[in-house]
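Heads up: the structure comes next, in structure tokens.
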Amino acid sequence: MATKDDSFFQMVFAVAREVPPGRVTSYGAIAKYLGTSGSARMVGWAMNQAHGQSPAVPAHRIVNRNGLLTGKHHFAYPEQMQELLEKEGIEVKEDQVVLFQELYWDPTKELEL
DNA sequence: ACGCTGACTATTA
DNA sequence: CTAATAGCCAGCG
């Protein structure tokens, strides 16, 4: 688990790609899963490098602790994030994921088994 | 090497 | 409710 052979980014990308469709997760959750709890900024920063990766990283499934689409401005265009989320069946209102609590996917609870 | 920046989070006022 | 503060750590000039 959490192979440290790869760069920190690759670990973040790996977890992000493990997020099931129609689900969302937070930076802090990924950070904690990687053992860098408290450094949620590193996750977001890693996502910044995700742009152009192969396979593409579903960064639109990564939101902040409030379920807010804080990173939408980093996409091709800000509305793309909400567009992709709604496309997967996730309701988004006021840049915020509706029922975020129900759609929340925690790697530390789903993957560590 | 130093300081600034940042897709975060939590606490305090 | 908003604003400020602190902790976090990798990249860049």
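This is a predicted model, so every value here is computed, not measured. Reminder, nothing fancy here: chain letters follow the sequence lines and each chain counts from 1.
Between A/V19 and A/V24, every side-chain heavy-atom pair lies at or beyond the 4.5 Å cut-off. Considering only heavy atoms from C-beta on, A/R61 stays 4.5 Å or farther from A/P20 through its side chain. The closest side-chain heavy-atom distance from A/R17 to A/P55 is below 4.5 Å.
In this structure, A/Q49 places its CD atom 14 Å from C1' of C/dC9, rounding to the nearest Å. Put simply, CZ on A/F8 is 9 Å from C1' on C/dC9, counting in whole angstrom units. A straight line from NE2 of A/H73 to C1' of B/dA7 spans 10 Å, rounded to a whole angstrom. Atom CD in A/Q82 sits roughly 19 Å away from atom P in B/dA7 (whole-Å rounding). What separates NE2 of A/H74 from P of B/dA7 is a distance of 4 Å, to the nearest Å.
Taking hydrophobic clusters as Ile, Leu, Val, Met, Phe, Trp and Tyr residues chained together by side-chain heavy-atom distances below 4.5 Å, A/M11 shares a cluster with A/L111.
The side chain of A/F9 has C/dA10 as its nearest neighbour among B/dA7, C/dC8, C/dA10. Of the listed nucleotides (C/dC9, B/dA7, C/dG11), C/dG11 has the atom at the smallest distance from the side chain of A/W45.
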Below 3.5 Å between N/O atoms, which protein atoms pair up with nucleotides 9-13 of chain B? Just atom names and distances, please.
from, atom 1, to, atom 2, distance (Å)
B/dT9, OP1, A/R65, N, 2.7
B/dT9, OP2, A/R65, N, 2.9

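Qualifying ring pair (Phe, Tyr, Trp, His ring centres under 6.0 Å) partners for A/F75, counting only residues two or more places apart in sequence or in other chains: none.
Residue A/A31 is classed as having no contact, given no heavy-atom separation below 4.0 Å to the nucleic acid.
Note on residues 38-68 of chain A: pairs passing ring pair (Phe, Tyr, Trp, His ring centres under 6.0 Å), not counting sequence neighbours, are A/F9-A/W45.
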